Each structure stands twice: as structure tokens, then as C-alpha cells.
Amino acid sequence: MKVLVINCSPVKTGATAEIVRMISGELSGRYEVKSICIDDYSFGFCRGCRSCHKTAACFQKDDISLIMDEFEKADIIVSVSPSYWADIPGQFKAFIDRCTPWCNTHDPHSKLSPGKKGYAVALRTGPGMQECERIIGSIVHFYGHMEIDCCGSLGLCGIGYKDDLSPRTEEIRQFCKMI
Ligand SMILES: Cc1cc2nc3c(=O)[nH]c(=O)nc-3n(C[C@H](O)[C@H](O)[C@H](O)COP(=O)(O)O)c2cc1C
């Protein structure tokens, strides 16, 4: 079974990247794990033209297809997103918008192979879990329209930098046990 772990932050060496590294390490004994960072890919914004509602494809030819190839190869997808202004980072939102050709609210639409499972991880510096829940909600919504079954989530408050993660290792390890 293959797992894709996505760093949904534009920071390649920050707290999100560290969580991706911890989760990938935990899962690598049981799965074939690949991790990617949203910022390794170059793609345009959705233009809202809705041509994909008729064609199930975007007129823009860029790295979105490379990311979707990774989604297609994976049996399990773990999205790890920080809070930026109490929401997902713009790069991650731009990616989700570009997944409209795969969105199941219109026909025809492109389809991932069925049976994929998803997990959502949110982190933030502030103390309240509600903000993590909002980010998890965005990921769950995305998974739902991609027909990825969301099977679990983890919210981590009080994380500003990767050094804040060492006391949270056990929490992350316990989360990985349910994957
Ligand atoms: C542009 C920006 C906006 C942020 N907004 C929030 C916020 O609204 N609430 C919060 O709790 N943390 C916020 N943070 C803090 C990040 O969620 C936190 O530092 C996280 O660990 C960043 O992970 P990264 O360095 O991997 O991107 C923000 C950070 C940045 C860079």
C-alpha cells in the first residue's frame, strides 16, 4: 500500500515539513511512503471559466497533472496544513481550486481510482482548536468532492516552529497508529 504525505505549506523546512517527516518516518515501516511539498510544483490559479464542467479537464497545462499522478498512485493521502490567517495557505487553496476537473458536483468530471483513504493534519501557533478544525474542515470538504474517504484528523495548537514539535512526538505517533 502506498501513502502520499503532502506538505501543504510553502515552507520546505518549517514545522509542517517536520510533521511530514515524522509521519513519513512512522508509516515507512508499514507502507511505501512518498512525501511532496506543494511548493515544489508550479501551477496557475483556477480562472473560474468552468470549461472543465464540460470537458473534465483544465485548459492550463502545468504541474497539477504531476500532483494528481501522485494522488492516483497513492492508496492513502495525508494532507498536513498550517494555519495562515486562520485558513489554509494560499498555495494549497490554489491547488484545491485547480482540482475542479475532478470535483464530483458536475458531469463529466475526472475521477481518481475509488477506495482511497485520506487523513487531515492541521497546525497553528495560537491556542484554540477551533481554528485547526476549520482547516481540517477544508481538507475534509476537498476529500469529499474527490471521493477520498476521510478516516481521521489531528489538530496541533501551539506550534510556531519545528522545535515546538519535540514534546508532541507521542501525539503524532498515536495519530499514525490509526492510519
Ligand atoms: C502568513 C502566516 C499567517 C499565519 N497565520 C496564523 C493564524 O492565523 N493563526 C495561527 O495560529 N497561526 C498562524 N501562523 C503560524 C503558523 O500556522 C505556524 O507558525 C506554523 O507552524 C507554520 O508552519 P510552516 O512554517 O511549516 O508554514 C501564520 C504563519 C504565517 C507565515
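Just follow the structure's listing: the first ligand is 1, and inside any ligand the first atom is 1. Atoms considered below: every heavy atom in the structure, side chains included; atoms not considered: hydrogens, waters and symmetry mates. Worth saying up front: this structure is predicted, and the values here are computed from it rather than measured.
Within the 4.5 Å cutoff, the side chain of Y119 has no heavy atoms near those of the I23 side chain.
Sorted by first and then second residue, the ring pair (Phe, Tyr, Trp, His ring centres under 6.0 Å) pairs with a member in residues 26-58 read H53-H106; sequence neighbours excluded.
The residues K73 and E70 are annotated as salt-bridged, a charged nitrogen and a carboxylate oxygen being separated by less than 4.0 angstrom.
Ordered by chain and residue number, the residues placing a heavy atom less than 4.0 Å from ligand 1 are S9, V11, G14, A15, T16, P82, S83, Y84, W85, A86, L123, R124, T125, G126, E131, I159, G160.
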Only distances under 3.5 Å count here; give the side-chain donor-acceptor pairs of residues 154-163 to other protein atoms, sequence neighbours excluded, each with its distance to 0.1 Å.
{"from": "K162", "atom 1": "NZ", "to": "T13", "atom 2": "O", "distance (Å)": "3.3"}

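Not counting sequence neighbours, the partners of D97 by the side-chain hydrogen bond (donor to acceptor under 3.5 Å, both in side chains) test are K93.
A 6.0 Å sphere centred on CD of E32 holds no more than 12 heavy atoms belonging to other residues, nucleotides or ligands.
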